[in-house]
Amino acid sequence: MYKVQVVPVWSEERIFGAVMVIHDITEVRRLEQMRTEFVANVSHELRTPLTSIKGFVETLLDGAVEDKKLSHRFLTIIDEETDRLQRLIEDLLKLSHIESHRELIIQGETEVESELCRIKSLLTPVAQEKEVTLHFEIAKSLPKVPLTSDHLQQVLVNLIENGIKYNKKGGHLFLRAFSKGQEVHIEIEDTGIGIPEDSAPRIFERFYRVDKARSRDIGGTGLGLAIVKHIVEGSGGQITLSSQVGRGTTFFITFPAVKKLTVL
Ligand code: ADP
């Protein structure tokens, strides 16, 4: 998309020519559209649980509060919807913080092995609840990666939690961490439901979900992978995926290794 501007050229109070300036505004328009869509999405995502909370509170005030069983059911829904709003706001704040403080991501160096061990013990109960088995294969003496431990944790927890959430009962999740040249590679493979080919390119977009109802039921906000991509790329790394519907998904992350200082 282009914007054409004609600028007259004056000489001694007379126009003696004109200059045509052509601005390529494709990117500006694309960013404007993305911002508008994002605001519309946020409003929709916030309004849905709020409408539900308001509806149930009004029904309780109208008399349902007298019925113990009914009021317990309504209060449980209100509690779940409030949790959902809280998760959504936390994820929105994380995303906005990462976007406005990109420089903070790389203000750190983190040991991959100890971080992965910590995350494994953190997520083992979550996996056990879904009857998913975690298998971690971590190479010895991995170099450090150039991001804070908090950011590395956000990336790994999001991806592993997804590998558990979108897995099948009795499924597996394999994590492999190794180094190659000047890079650290982390692969997270699950035996879950997989991602359709046409959805794969959109999976890192904010609020994009393959199955909205399913993601909502299992407490997803649709922001996890957008946060992951921002952090990985902010640290100078890359993230890609390969998936097969019904068989599972693998995410491939590459971080630049932190160079060791040799003392002479
Ligand atoms: P959500 O909070 O919905 O999980 P994410 O941004 O983490 O949001 O992921 C976006 C969507 O990508 C999910 O709703 C789901 O449809 C799909 N997805 C992410 N990870 C996986 C996975 N490991 N297997 C299958 N689908 C996945």
Side-chain angles (χ1 to χ4, degrees), residues 34 37-38 41-42 44-46 48-49 80-99 116 119-120 122-124 126-127 129-136 151-177 185-234 237-253:
M34 269 175 65
E37 269 172 27
F38 180 61
N41 277 330
V42 172
H44 174 77
E45 298 286 335
L46 292 174
T48 314
E80 285 166 2
E81 293 296 285
T82 317
D83 281 347
R84 186 176 161 65
L85 270 179
Q86 202 169 4
R87 275 196 305 274
L88 196 63
I89 291 166
E90 273 164 20
D91 276 357
L92 280 168
L93 288 175
K94 268 187 218 159
L95 195 61
S96 121
H97 191 258
I98 293 162
E99 281 182 342
L116 280 172
I119 291 170
K120 191 178 181 191
L122 189 78
L123 294 180
T124 298
V126 184
E129 203 180 311
K130 263 291 299 243
E131 293 180 31
V132 172
T133 315
L134 303 181
H135 310 262
F136 279 34
H151 284 119
L152 181 62
Q153 187 180 344
Q154 280 185 42
V155 168
L156 297 170
V157 168
N158 260 308
L159 292 173
I160 299 168
E161 272 186 347
N162 277 353
I164 297 171
K165 279 194 306 195
Y166 301 104
N167 217 315
K168 300 165 192 156
K169 212 170 162 187
H172 296 268
L173 182 138
F174 303 90
L175 183 144
R176 292 175 288 272
H185 293 253
I186 302 178
E187 297 177 0
I188 297 167
E189 176 183 354
D190 67 60
T191 56
I193 58 171
I195 297 167
E197 213 178 318
D198 55 340
S199 294
R202 302 198 55 196
I203 215 78
F204 295 103
E205 285 174 22
R206 300 147 171 176
F207 296 119
Y208 183 82
R209 283 163 280 193
V210 176
D211 181 342
K212 263 204 165 172
R214 186 183 178 131
S215 158
R216 200 183 141 78
D217 285 350
I218 51 183
T221 62
L223 293 172
L225 288 182
I227 294 173
V228 166
K229 193 174 167 73
H230 264 83
I231 297 178
V232 173
E233 292 184 350
Q238 280 180 340
I239 179 161
T240 56
L241 72 107
S242 128
S243 189
Q244 237 182 313
V245 173
R247 303 205 61 169
T249 306
T250 309
F251 284 91
F252 302 91
I253 317 169

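Counting starts at 1 for both ligands and their atoms, in listed order. For the numbers below, each heavy atom of this structure counts, side chains included, while hydrogens, waters and symmetry mates do not.
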>> Distance under 4.0 Å to a non-hydrogen atom of T249: what atoms of ligand 1 satisfy this?
In response: 24 (N)

> What atoms in ligand 1 come closer than 4.0 Å to a heavy atom of Y208?
Replying inline: 10 (C), 11 (C)

>> For I89 versus L46, what's the shortest heavy-atom pair and its separation?
In response: CG1-CD2, 4.2 Å

> To which protein heavy atom is atom 26 (N) of ligand 1 closest, and what is the distance rounded to 0.1 Å?
Replying inline: I195 CG1, 3.4 Å

>> How close do F207 and T221 get, counting heavy atoms only, and between which atoms?
In response: CD2-O, 3.5 Å

> Shortest non-hydrogen contact from G248 to S243?
Replying inline: O-OG, 3.2 Å

> Backbone or side chain, does any N or O of K165 fall under 3.5 Å from an N or O of ligand 1?
Replying inline: yes

>> Among all protein heavy atoms in this structure, tell me which lies nearest to atom 6 (O) of ligand 1, with the distance rounded to 0.1 Å.
In response: L225 N, 2.8 Å

>> For E189 and R247: C-alpha separation, side-chain torsions, deciding distance, then whether salt bridge (Lys or Arg N to Asp or Glu O under 4.0 Å) applies.
In response: CA-CA 10 Å; E189 176 183 354; R247 303 205 61 169; over 6 Å; no

>> Heavy atom to atom 25 (C) of ligand 1, shortest distance: which of F251, Y166, F207 holds it?
In response: Y166

> Do any nitrogen or oxygen atoms of G220 lie less than 3.5 angstrom from nitrogen or oxygen atoms of ligand 1?
Replying inline: no

> Quick one: nearest non-hydrogen protein atom to atom 8 (O) of ligand 1, plus distance?
Replying inline: G222 CA, 3.2 Å

>> Distance under 4.0 Å to a non-hydrogen atom of G194: what atoms of ligand 1 satisfy this?
In response: 25 (C)

>> Please list the nearest protein heavy atom to atom 7 (O) of ligand 1 with its residue and the distance rounded to 0.1 Å.
In response: N162 ND2, 2.9 Å

>> If you apply the rule salt bridge (Lys or Arg N to Asp or Glu O under 4.0 Å), what do you find for E45 with R84, and how did you get there?
In response: CA-CA 10 Å; E45 298 286 335; R84 186 176 161 65; 3.5 Å; yes

> Which protein heavy atom lies closest to atom 3 (O) of ligand 1, and at what distance to 0.1 Å?
Replying inline: S215 OG, 2.6 Å

>> I'd like to check whether A226 has a polar contact with ligand 1, where a contact means an N/O of the residue lying under 3.5 Å from an N/O of the ligand.
In response: no

>> Are more than 12 heavy atoms, taken from residues, nucleotides or ligands other than Q238, located less than 6.0 Å from that residue's CD atom?
In response: no

> Just which atoms of ligand 1 are under 4.0 Å from any heavy atom in V210?
Replying inline: 16 (O)

> Is the closest heavy atom of D190 to ligand 1 under 4.0 Å?
Replying inline: yes

>> Quick check: closest heavy atoms across N167 and H172, and the distance to 0.1 Å?
In response: ND2-O, 3.1 Å

>> Quick check on contacts: which atoms of ligand 1 are under 4.0 angstrom from a heavy atom of I203?
In response: 12 (O), 17 (C)

>> Counting non-hydrogen protein atoms only, what is the nearest one to atom 14 (O) of ligand 1? Give residue, atom name and distance.
In response: R209 CG, 3.0 Å

